[in-house]
Amino acid sequence: MELSSKYNPKESEEKWLKVWKDGNVFHAVPNSNKKPFTVVIPPPNVTGILHMGHALNNTLQDILIRYKRMNGFEALWMPGTDHAGIATQNVVEKQLAKEGKKRQDLGREEFTKRLWSWKKEYGDTIIHQLEKIGSSCDWPRTRFTMDDEYSEAVKEVFIRLFEKDLLYRGERIINWCPRCQTALSDEEAEHQEKNGKLYYLLYTFKDKTLSFPNAFIGNPEAGSPTETFGDDKFPGIVVATTRPETMLGDVAVAVNPQDPRYAHLIGQTLILPLVNREIKIIADDFVAAEFGTGAVKVTPAHDPNDFAMGQRHNLSLINVMHPDARINEKGGAYSGMDRFDARKKILADLEAQGLLVKMEDHKNSVGHCYRCDTVVEPYLSKQWFVKMRPLAKPALEAVKNGTIKIRPERWEKVYINWLEDTRDWCISRQIWWGHRIPVWYDKDGHVFVAKSETEAKAKAKAQHGHDVDLRQDEDVLDTWFSSWLWPFATLGWPKENPDLKFFYPTAALFTASEIIFFWVARMVMAGYEFMGKPPFTDVIIHGTVRDAKGRKMSKSLGNALDPLEIIEEYGADALRFSLIYNSGQDIYISKEKFEIGRNFANKIWNASRLVFTNCNDTLEKGDYENLDVKALDLPSRWIIGRFYETLAKTSNAIETYHNSEAEVLVQEFFWGSFCDWYLELIKAKWNDVNVQKTALFVLKNSLKLMHPFIPFVTEEIYSRMNTEGGCLSQASWPVLQKELIDQRAFDDMQTVIDVITAIRNIRTQWNVKPNETVDVILVPDNEANAKLLLENQGDIQRLGKLKTITVDAKVTAVKESANAVVGTLKVFIPLGGLVDLIAEKKRMQADIAVKQRSIDGLQSRLSNEAFVSKAPEDIIVKEKERLATLHKEIAELNKIVADLN
RNA sequence: GGACUCAUAGCUCAGUUGGUUAGAGCGUCGCCCUCACAUGGCGAAGGCCGUAGGUUCAAUUCCUACUGAGUCCACCA
């Protein structure tokens, strides 16, 4: 068996990616002999390129799916991509812009064609990148949210919701992105807190005899209206606003009906400045008397609250903006100006007329488009909405009653809060890339919801009694209106089929917290509404990948590490392993961290080389599974017990999504126990067939154990000792044999390890050169220890680099020696002139002092009446035992110190 | 404004019903190229478990307040 001294990731990765693909190894089919285990990938956007977040997300899924596959489940990991309406359209529009064109220049059909060809060319990039990190998806099943079949599902859902009266079209204030020129849902408008200003504007009374005291406004500044209009009275009402430009659309001023300051003015008329429109003072409970001046300008077409007030008071709607947020013809002198330019101009003009009473700093949060970061405009328009309340109910229940678990648990609260307070979902988008809304209108605006124009026409004919001209709704659906069907639409819904029947519901969903509202909650709603079952039972919210300073990785910050570059330099195994190893919720990573995984892969590689070069070729692929473990020597029983202990802990960690812990466990076992101790211990015993068998047995099973985390290198090595046929990805998970977890072997081996460590410690302490051998006298204090030391003295001698080893219970003191106490047995190393007896004495005394402190603590506890009477019996017994041991140890140490004199 | 999370070694994290001497990796410091691996080996140093109270025989662990870091939600203009 020839293996090079360094693991070459690139070679193995290429090889195994091909084997897996050619063998269709990850293909899952309905199989009545197996239980299904399904995970659907969070479909990355077709515009996406692989970043660390994807690498993390997919590694986590892959660990679980590989684990389940090895555990005998028919494990399906469904891959696919999302058309990502706005994002993708923006990308292609940017491309067009380089040619000096706009999408309107091409027209809808041409532009959509262009998008499709873009998708064809680049859309699968990310899928191939996910494949490179070893994701064991059922690749031939790859779905796209705009596949024909998938589109059918989207239409079906639209129709069903419409027929159930859960969909409606209405004119509302929605979040509008003036740059993308489309409506957004509430979730797509990201609120960011900004330092803005609160502007106080004076609207004068039509009735010049009226006035209003200015005292509550505070001291007006120079050039303020008090100079213009008199000392302490305003000829009008002062309103406070953060968005003065919307005043062009004001239709009223509202005050709280209980506010005594304004009570007598309700119903009076004001003159809207700059526009000179007459508007009324109205009373509405919405207005908070404490805020600003207690008087609010009412702009029903540009603010959701004002819209509601407008409805209550039957006010007119004056939309003063174009879709691109320039002021429209209703804005008079300001028409054609951008909203922010208009703001400046309006403020300047108001100030010139003495109507800008005051400005103050004001923090408020402003919505931004989640795709292009433009400030969104609350904008009046006609859109399609999904009624959320009825859909939210079962989704809410599912988490509250534990049908669906969200981990870490705290996210359940976030989910619940959102669903309890969710508002209707605006699903129409004024873009061209997406699912066209399956609605047709006749010339009178009658609505025909149908899967096709033919069907719509038939419906229209049925209603009108003759053929009518129809036009389809121009808009497309929110991307999330297709993604929310992902867990079942990817399995062929609405068609009844074996896949859907077998693989739905899925098991676990891995995603980031930002997606809980967008996607997770809505998938649960859809699952219940259309399948009658939850789409999954576990939701795992993982953290964000950050740089070493804790900043989010982003292209604009320039701190992003490219997973593909990491694969190139360190290997895919290293990427996967290092990302997760020793990480918390959020993952802080710098390039150097990937050395952890690279080094570990290399360690596995070299340990395997050692085993292979020392084992009989026929054994390598032969029969070493049926070991009579109980007849093996101590180190062998120990390592096999440690293996099963680690197996149990690791399985449990994977099932409870403690992946970092799982990796620490396997690494600790393989490196810390198998390599550092077992392989070192057996270096002189390779001619023993049982040793060979044990090493091969542990190695082979360790490869299985480590495979979900580090699939390529384990697959590569496994292939050289494979007896089962197929590859490691398809092999079975080791079966736990609890009876082989041998506590006695653990304790005995620990003593041997402690003795060796004590010897090594002394050697370093007294600068004994590594290639120099020394003599050691071991003094056991009981029969069992004596036997243990004698049986393992060869190992102790070799790993301790000893010239001679003497086990003798009768020895009490050794001249000019360094010493150690291991539990209750003593270690003497006569070093002659090498050892400084004064220093050695000091060393021992320091040791004694530490133990004495423990004794003091224990004694005071045990002499405490309350402790003895209230603490449980077993604790008291343990403490007493501990005290006795300490006393014994300290006595030995004192004896040694005395002899040092 | 509301809700939530975190605080343990220089750094990143474990510490699963409260119970001996709080662990690991990285980093640091010694010594070693020992015939699997220097992507390695051996050894060591390093912690008032954020602060102040409380509950308890016993608190890193449970409770309260505070401080610091972070996240999410929100229609008071």
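Labels below follow one simple rule: chain letters A, B, ... track the order of the sequence lines, proteins then strands, and each chain is numbered from 1.
Nucleic acid contact for A:Lys851: none, since no nucleic acid atom lies under 4.0 Å from a heavy atom of the residue. A:Trp671 comes within contact range of the sugar-phosphate backbone alone, with a heavy-atom separation under 4.0 Å but no base atom that close. Within 4.0 Å of A:Lys603, counting heavy atoms only, lies at least one base atom of the nucleic acid. The residue A:Asn761 sits close only to the backbone: its heavy atoms come under 4.0 Å of sugar-phosphate atoms, none of a base.
Side-chain proximity of A:Tyr581 to the nucleotides B:G43, B:A24, B:U39 is greatest for B:A24. Residue A:Arg609 has its side chain nearest to B:A36 when only B:A36, B:U20, B:G25 are considered. Nearest to the side chain of A:Asp676, among B:C42, B:U20, B:C37, sits B:C42. Nearest to the side chain of A:Lys769, among B:A36, B:C42, B:C31, sits B:C31. Here the side chain of A:Arg410 is nearest to one of B:U12, B:U5, B:A36, namely B:U5. For A:Thr757, whose side chain is taken as the heavy atoms from C-beta onward, the closest listed nucleotide among B:G43, B:U39, B:A36 is B:G43.
Between the P atom of B:C26 and the CZ atom of A:Phe577 lies a distance of 11 Å, rounded to the nearest Å. Note: CD1 (A:Ile596) to P (B:U39) measures 15 Å, nearest angstrom. Atom C1' of nucleotide B:G43 and atom CG of A:Leu799 are separated by 15 Å, given to the nearest angstrom. Between A:Lys801 atom NZ and B:G43 atom P there is a gap of 12 Å when expressed in whole angstrom units. Look at CZ on A:Arg760: it is 11 Å from P on B:A44, rounded to the nearest Å. Remark: P of B:U21 and CG of A:Asp847 are 15 Å apart, rounded to the nearest angstrom. The distance between atom CZ of A:Phe674 and atom P of B:A36, rounded to the nearest whole Å, is 14 Å. We find that CG of A:Asn582 is positioned 11 Å from P of B:G15, with the value rounded to whole Å.
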Side chain to side chain contact (heavy atoms under 4.5 Å, CB included), that's the test. Do A:Val298 and A:Val253 meet it? Break it down for me.
CA-CA 5 Å; A:Val298 182; A:Val253 164; 5.7 Å; no

Intermediate values then yes/no, side chain to side chain contact (heavy atoms under 4.5 Å, CB included), A:Ile540 and A:Leu60
CA-CA 9 Å; A:Ile540 295 88; A:Leu60 293 172; 5.6 Å; no

Set out, in order, the CA-CA distance, both residues' side-chain angles and the distance that settles side chain to side chain contact (heavy atoms under 4.5 Å, CB included) for A:Tyr203 and A:Ile279, then state yes or no.
CA-CA 10 Å; A:Tyr203 291 5; A:Ile279 59 177; 4.0 Å; yes

Begin from the C-alpha positions of A:Thr714 and A:Phe709 and carry the test side chain to side chain contact (heavy atoms under 4.5 Å, CB included) through to its verdict.
CA-CA 9 Å; A:Thr714 48; A:Phe709 309 101; over 6 Å; no

Can you give me the N/O atom pairs linking the protein to nucleotides 57-65 of chain B at distances under 3.5 Å, or say none if there are none?
unit_1: B:C57; atom_1: OP1; unit_2: A:Lys870; atom_2: NZ; d: 2.3

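Look at the P atom in both B:A9 and B:C49: the space between them is 10 Å, to the nearest Å. One P atom belongs to B:G15, the other to B:C6, and the distance between them is 12 Å to the nearest Å. Comparing B:G19 with B:C13, their P atoms sit 24 Å apart, to the nearest whole Å. B:U67 and B:U51: their C1' atoms are spaced 7 Å apart (whole Å). Taking atom P in both B:U8 and B:C62, one finds a spacing of 15 Å when rounded to whole Å. Rounded to the nearest Å, the gap between the P atom of B:A45 and that of B:C29 is 16 Å. Remark: the separation of the P atoms in B:G54 and B:U16 is 25 Å, to the nearest Å. Taking atom C1' in both B:C73 and B:U64, the straight-line distance is 26 Å, to the nearest Å.
For B:U64, the paired nucleotide is B:A52, the pair qualifying as Watson-Crick or G-U wobble because both relevant distances are below 3.5 Å. With a cut-off of 3.5 Å on both Watson-Crick or G-U wobble distances, the partner of B:U34 is given as none. Here B:G43 sits opposite B:C29 as a Watson-Crick or G-U wobble pair (both hydrogen-bonding atom distances under 3.5 Å). Base pairing annotation: B:C72 forms a Watson-Crick or G-U wobble pair with B:G2, both donor-acceptor distances under 3.5 Å. In this structure, B:A59 makes no Watson-Crick or G-U wobble pair, since no nucleotide meets both defining distances under 3.5 angstrom. Pairing for B:U21 is absent, judged as Watson-Crick or G-U wobble with the two contacts each under 3.5 Å.
For the ring pair (Phe, Tyr, Trp, His ring centres under 6.0 Å) criterion with A:Phe600, the lone passing option out of A:Trp605, A:Phe577, A:Phe594 is A:Phe577. Considering A:Glu187, A:Glu514, A:Glu190, A:Glu188 in turn, A:Glu188 is the only one that fulfils the side-chain hydrogen bond (donor to acceptor under 3.5 Å, both in side chains) rule with A:Tyr370. Across A:Arg339, A:Arg343, A:His302, a single residue satisfies side-chain hydrogen bond (donor to acceptor under 3.5 Å, both in side chains) together with A:Glu245, and that is A:Arg343. A side chain to side chain contact (heavy atoms under 4.5 Å, CB included) with A:Met247 is found for exactly one of A:Val320, A:Thr299, A:Ile346, A:Val239, namely A:Ile346.
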Contact pattern, 5' to 3', of nucleotides 69-77 of chain B - B, S or - by protein heavy atom under 4.0 Å:
----SBBBB

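For the pair A:Glu595/A:Tyr570, a side-chain contact is recorded, criterion being any heavy-atom separation below 4.5 Å from C-beta on. With contacts defined as side-chain heavy-atom distances shorter than 4.5 Å, the pair A:Pro408/A:Ile541 qualifies. Using a 4.5 Å cut-off on side-chain heavy atoms (C-beta onward), A:Trp411 and A:Val539 make no contact.
A salt bridge does not link A:Lys405 with A:Glu412: none of the charged nitrogens is closer than 4.0 Å to a carboxylate oxygen.
With hydrogens and angles ignored, a donor-acceptor pair under 3.5 angstrom links the side chain of A:Glu680 to the base of B:A36. Between the side chain of A:Arg853 and the base of B:U21, no donor-acceptor pair of N or O atoms lies under 3.5 Å.
Along RNA chain B, the nucleotide nearest A:Ser583 and the nucleotide nearest A:Lys683 are compared for position; the residue whose nucleotide lies closer to the 5' end is A:Ser583. Closest-nucleotide positions on RNA chain B for A:Thr764 and A:Phe600 were compared, and the one nearer the 5' end corresponds to A:Phe600.
Note on ring orientation: taking the six-membered ring where Trp is involved, the planes of A:Phe674 and A:Phe670 are tilted (angle from 30° to 60°).
For A:Asn771 and B:C32, the shortest distance from a side-chain N or O to OP1 or OP2 is not below 4.0 Å. For A:Asn599, a side-chain nitrogen or oxygen approaches OP1 or OP2 of B:G40 to under 4.0 Å.
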